[in-house]
Amino acid sequence: MPHLFAIMRARVLAALADDLPGLAPELLARVEVTPTREAAHGDMATNAAMVTAKPAGRKPQDIATALVARLKDDPDIAEASVAGPGFVNLRLVESTWRAEIPAILTAAESYGDGNVGQGIRVNVEYVSANPTGPMHIGHCRGAVVGDALANLMAKAGFDVTKEYYINDAGNQVLALAWAAYWRYLQAIGTPLTEDEYAQLVPGGLQYRGDYLVPVGEALKARHGDSLAAPGGHVGPPEAWLDIVRDTTLDLMMASIREDLELLGVRQAVFSSERALVAAGAADTTIEQLRAKNLIYEGILEPPKGKTPEDWEPREQTLFRATKFGDDVDRPLRKSDGSNTYFANDIAYHADKVRRGAQIMIDIWGADHGGYVSRMKSAVKALGDGTATAPTLDIVLCQIVHVLKDGEPVRMSKRAGTFITLRDLLDEVGRDAVRFTMLTRKSDAQMEFDIAAAVAQTRENPVFYVQYAHARCRSVLRAASEMLGPEATAPAALAGVNLETLSHEAELALIRRLASWPRVVESAAIAREPHRIAFFLYDLAGDFHMLWNRGRDDAALRFLQPEQRADTLARVALVAATATVIRSGLAVMGVTPVEEMR
RNA sequence: GGACCCGUAGCUCAGCUGGAUAGAGCGCUGCCCUCCGAAGGCAGAGGCCGAUGGUUCGAAUCCAUUCGGGUCCGCCA
């Protein structure tokens, strides 16, 4: 069902068509009906007259006046007027606003579900941390933003798949296997020192973290000392490398999945890069692009201003990314003929398309910013150039600086001071982590102050929103005792007379509740889940204000023992508020609380 | 040298894809609990939206130039 703003927009368009038939659809698409910023301007405003004035060859005020004349007869519109340069301001009759309350109570948390998505298949890929260690704070923002965005898109009517791409191919996985083998040798009691072992490792020993100790133990438990040469020495890699690598990857991914679970993130699909490589997907994709004449052998210019020391011209297999808006053509095969990571990545996106994705959304860290245009051009190249071709959106999450006791927490794997996701969750809790990560738009850098995230004050939006919900629930519990559970069940409340809800603070709250579906819609289209957090904060503010009025004047409290009808109407409003808060928190993946402790 | 992101109140940030007099929290000033809904609320001060040009009915928002801060820059992943 279309929401109130969409309904009114349709009526504005109908009124407009009466006056000015045959306007171009592109023009009509620019007509919007939005909430007004100033209460003095009414409830909603439309720019219809201003965007159509020039093509229609008439003054905006004239068109607006004609619109007003037609809209005045609408039973839902109490007042329509021309304002400023040609706005049409609308004030709806109060009962139309109030009618949203039963709509909310009937729909429950599905209130706000929309259909702008039209069932389009969207693949949201996020986290995709390399399986070389536990998740750390650097992964956290992308995980939360991706998960909330996926929920948001689903709520807006898209058919969403949540996905994780496992980077389990390439050299870093071999380095991981060697590091795990080191822990294995320790587990079986090798006489080798760390330095002696490091000498034997191609590329040196990386990944020295403790988290591989259990992996070494697991390898010992499964294989005894059979993976090592006699005496606890390094055996020939052919004899152990595959086994150690596979076991280590499994255990690392299991650990990452536990971290994700703790964060409340559940992805439906885990795609393996190694599986794609084994299937020859990159080669297939390169041939596909070659058939479109987008592949050639060539030599790239060195980057200007910062030529690497060891730079020398080399012939590589290049993709004509510049044809699709990238700055330079990009290598798909190295000079030695092997495929680049980029080639695998194109193959991976082609695979998502093959599995049905119409819109792909990748959530990346800011350090991959330089990668955006080449990936987008690759996806364009894979498509047929039509409007229905699969698209790729990339949401970049800027860096998060973690503050503890006012001091920045330095992240350094080498120094062993990096905070794991688990540490953060232990300290702050899942709900506060998720909410706080969504209180900035993702392309702005953010400071995450651990103390602020757990503070129980208004400056902490997590607390403020949770507190509003807890207060709602507290009222509802008391109402249930006072009036009986039957009378205060949502279905019963949906049928009560709401005409006594006429105070400005009550109507303001109702208007806020009614704007929720529109927020879902616009945030989904903009791919900006942080808007949900800000909406909830504003909503909580409206509710706290109303609550506070009851504190100043007992006659304005929600529960009035002597006035059953008034009380039921107010309880219905409170129940609707709690419902919308839950609906919003569900998108964010945050648990609503029943009471503050 | 180039690409991308950010620049809005003293501080931390919103600003719904070009709309009306630019908003919130913190901090600051002044109010609101002998008891009942104060981990909260009300009111006030505080702005050249980094700068300069441009586009048009209209710009914090779009374009160009420029100044600060950040990320990144053949074959690593």
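To find a chain, count down the sequence lines: A is the first, B the second, and so on, and within it residues start at 1.
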Residue set satisfying salt bridge (charged side-chain N to carboxylate O under 4.0 Å, His left out) with A:Arg473, at least two apart, ordered chain then number -> A:Glu594
Would you classify [X] as touching base, sugar-phosphate or nothing, given that sugar-phosphate means primed atoms plus P, OP1 and OP2, and contacts are heavy atoms under 4.0 Å?
X        : answer
A:Pro313 : base
A:Asn460 : nothing
A:Asp168 : nothing
A:Arg549 : nothing
A:Ile399 : sugar-phosphate
A:His530 : sugar-phosphate
A:Asp336 : nothing
A:Ala83  : base
A:Tyr464 : sugar-phosphate

Can a cation-pi geometry be assigned to A:Arg330 and A:Phe342, taking NZ or CZ under 6.0 Å from the six-membered ring centre and within 45° of the ring axis? no
Does A:Arg531 qualify as a cation-pi partner of A:Phe535, given the criterion of NZ or CZ under 6.0 Å from the six-membered ring centre and within 45 degrees of its axis? no
I'd like to know if A:Arg511 and A:Glu504 make a salt bridge, using a cut-off of under 4.0 Å between side-chain N and carboxylate O. yes
Report the relative orientation of the aromatic rings in A:Phe463 and A:Tyr467; use parallel for angles under 30°, tilted for 30 to 60°, perpendicular for over 60°. parallel
Which class fits the ring pair A:Tyr464 and A:Tyr537: parallel under 30°, tilted 30 to 60°, perpendicular over 60°? tilted
Tell me whether the side-chain N/O atoms of A:Tyr467 come closer than 4.0 Å to OP1 or OP2 in B:rA39. yes
Which nucleotide in the list [options] gets nearest to the side chain of [X]?
X        : options                : value
A:Arg440 : B:rG40, B:rA77, B:rC13 : B:rC13
A:Arg557 : B:rU71, B:rG37, B:rA77 : B:rG37
A:Phe534 : B:rG74, B:rA14, B:rG41 : B:rA14
A:Glu32  : B:rG19, B:rC76, B:rU71 : B:rG19
A:Asp327 : B:rU17, B:rA3, B:rG40  : B:rA3
A:Asp443 : B:rC6, B:rC76, B:rU71  : B:rC6
A:Leu300 : B:rG74, B:rG7, B:rG40  : B:rG74
A:Asn548 : B:rG40, B:rU71, B:rG41 : B:rG41
A:Gln445 : B:rG37, B:rC4, B:rG69  : B:rG69
A:Arg531 : B:rC16, B:rC36, B:rC76 : B:rC16

So, do A:Tyr341 and A:Tyr165 have ring centers that fall under 6.0 Å from each other? no
Taking pairing as Watson-Crick or G-U wobble with both contacts under 3.5 Å, can you name the mate of [N], or confirm there isn't one?
N      : answer
B:rU52 : B:rA64
B:rG18 : none
B:rG25 : B:rC11
B:rC42 : B:rG30
B:rC76 : none

Considering only the P atoms, how many Å lie between B:rA24 and B:rA43, rounded to the nearest integer? 10 Å
Whole-Å distance, A:Asn47 CG to B:rU17 C1', equals 13 Å
Rounded to whole angstroms, how far apart are OH on A:Tyr371 and C1' on B:rG74? 12 Å
Here the gap from A:Asn47 atom CG to A:Arg30 atom CZ, rounded to the nearest 0.5 Å, amounts to 7.5 Å
If you round to the nearest 0.5 Å, how far is CG of A:Asn130 from NE2 of A:His139? 7.0 Å
Taking only heavy atoms on the protein side, list every residue of residues 513-525 of chain A lying under 4.0 Å from any atom of RNA chain B, sorted numerically. A:Arg518, A:Ser522
What string of B, S and - do you get for nucleotides 55-63 of chain B, 5' to 3', when a contact is any protein heavy atom under 4.0 Å? -SS------
Are any non-hydrogen side-chain atoms of A:Lys323 and A:Lys380 less than 4.5 angstrom apart? no
Of all heavy-atom pairs between A:Tyr207 and A:Leu212, which one has the smallest distance, and what is that distance? O-CD1, 3.6 Å
